[in-house]
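This is a predicted model, so every value here is computed, not measured. A note on names: the letters A, B, ... follow the listed sequences, proteins ahead of strands, and every chain is numbered from 1.
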Amino acid sequence: MPELPEAETIRCQLESEVAGATIRKVRVLIPRAAREHVSAREMSRLVVGRRIARVGRRGKAVLLLLEGGGGHSRPATRSGQVARPASLIIRLGMTGLIRVVPAKEPIDKYTAAVLELEDERQIRFLDQRQFGLISARPGHDPDAMPEFEGYGPEPFSDEFSPEYLKRAFARRGAQLEVVLMDQKVIAGIGKIYADEICFRAGLRPTRRANGLTGPMRERLWRATREVLAEAIRCRGSSAVDEGYRDVYGNRGQFQERMYVYQRTGERCRVCGTPIKRTPMAGGRGMHWCPKCQL
DNA sequence: AGTTGGACCTGACTGC
DNA sequence: TGCAGTCAGGTCCAAC
């Protein structure tokens, strides 16, 4: 499922494909995908006629950063007002995919939204399980958007540090893996990378977050950056039953480097001990090595 | 305020 | 073969 490394891979590829292109029309085919936004009209007002300046990312979400009106680009409103910059937000949810295709390519049934570009291509947002989200907001700053309210720091920002973890974990008596996946603590980590980060830090995911020592938090901090950076280099994960594909339809490669995720009962690649699975709140499993993780 | 568990959603898989 | 049940998980929400 798309977490930070998958979203970053998509961001990077999308930017090279569509930066400079202008959006001609937005069509939402699965209304549920736009459930959090005010209206289709409002989305069109913010998006139609705008040029894509850059592609951004916040946590697991991809943002198309759109230029305002005036200057050399076409104004977005007919009333002559100068349009302010805006952003189109796509949160990938569990099964969200983004594709850039020629307009004539047939639309499949999982297509949640289509952004028609002026160059006869389309950016398509596909989403099998409909947990994803598409919306639009004024401005380019994700931290000013309701979608990201309260979000924690990006793992590669200066704000994210062992000191930050000390503060963020202070009153968190929940399990380490649960806290790692809390977007308000750190943005961008989900099940796969939470499992792998705990393994590389040598910490059991069942530990209480506020029970970690200074050296443990230091290891966790380092492991977080290392795992996510490696996963980005691998262009994300397409694990066994996962449908994740990048903008070009290619699978990620990080699944080949996983130590614990969905390896219940298989031998640890470091010590040979069978990998354990412990149910987490909500019934999902946390995977870990009883010998390598303490 | 923090924690827990259910709901949402669909396809793959398991067991009878 | 078919069908019910279970699992997967990002995020929100209600209950404690």
In whole Å, I'd like the distance from the [atom1] atom of [X] to the [atom2] atom of [N].
| X | N | atom1 | atom2 | result |
| --- | --- | --- | --- | --- |
| A:E149 | C:dC12 | CD | P | 11 Å |
| A:I30 | B:dT10 | CD1 | C1' | 11 Å |
| A:F131 | C:dC12 | CZ | P | 12 Å |
| A:H287 | C:dA8 | NE2 | C1' | 10 Å |
| A:M280 | B:dT3 | CE | P | 13 Å |
| A:L97 | C:dG10 | CG | C1' | 15 Å |
| A:R35 | B:dC9 | CZ | C1' | 10 Å |
| A:D127 | C:dA8 | CG | P | 20 Å |

Taking only N and O in the side chain of [X], is any of them less than 4.0 Å away from OP1 or OP2 of [N]?
| X | N | result |
| --- | --- | --- |
| A:Q128 | B:dC9 | no |
| A:Y261 | C:dG9 | yes |
| A:Y110 | B:dG11 | yes |
| A:R129 | C:dA8 | no |
| A:R91 | C:dC12 | yes |

### Query
Would you call A:D246-A:R251 a salt bridge at under 4.0 Å N-O?
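Salt bridge absent between A:D246 and A:R251.
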#### Entry: Pair A:E118 + A:R24: basic N to acidic O under 4.0 Å
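Salt bridge between A:E118 and A:R24, a charged N being under 4.0 Å from a carboxylate O: no.
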### Query
Does CZ in A:R208 sit with more than 12 non-hydrogen atoms of other residues, nucleotides or ligands closer than 6.0 Å?
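Yes.
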### Message
Does A:R121 have more than 12 heavy atoms from other residues, nucleotides or ligands lying within 6.0 Å of its CZ?
### Response
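Yes, the 6.0 Å shell around CZ holds more than 12 heavy atoms from other groups.
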### Message
I'd like to know if A:F156 and A:W221 are part of one continuous hydrophobic network [Ile/Leu/Val/Met/Phe/Trp/Tyr, side-chain heavy atoms within less than 4.5 Å].
### Response
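Yes; tracing contacts between hydrophobic side chains, which count when under 4.5 Å, links both residues.
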### Query
Checking all strands, does A:G173 fall into the base, sugar-phosphate, or nothing category for heavy-atom contacts under 4.0 angstrom?
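Counting heavy atoms under 4.0 Å across all strands, the contact made by A:G173 is with sugar-phosphate only.
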### Query
Under 4.0 angstrom, heavy atoms only, what part of the nucleic acid is A:R277 near: base, sugar-phosphate, or nothing?
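Here A:R277 touches the backbone only, sparing every base.
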### Candidate nucleotides B:dC9, C:dG9, B:dG11, ranked by approach to the side chain of A:R284 - the nearest
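The answer is C:dG9.
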### Out of C:dG9, C:dT11, B:dT3, whichever nucleotide has its closest atom nearest the side chain of A:Y151
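For A:Y151, the side-chain atoms sit closest to C:dT11.
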### Message
Quick one: does any side-chain atom of A:E15 pair with a main-chain N or O of A:V55 as donor and acceptor, under 3.5 Å?
### Response
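Yes: the side chain of A:E15 pairs with the backbone of A:V55.
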### Message
Short of 4.0 Å, heavy atom to strand atom, which residues of residues 179-196 of chain A count as contacting DNA chain C?
### Response
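Nucleic-acid contacts, sorted: A:M181, A:Q183, A:G190, A:K191.
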Give every donor-acceptor pair under 3.5 Å between a side-chain atom in residues 270-280 of chain A and any protein atom, sequence neighbours left out.
residue	atom	partner	partner atom	Å
A:T278	OG1	A:W288	NE1	2.8

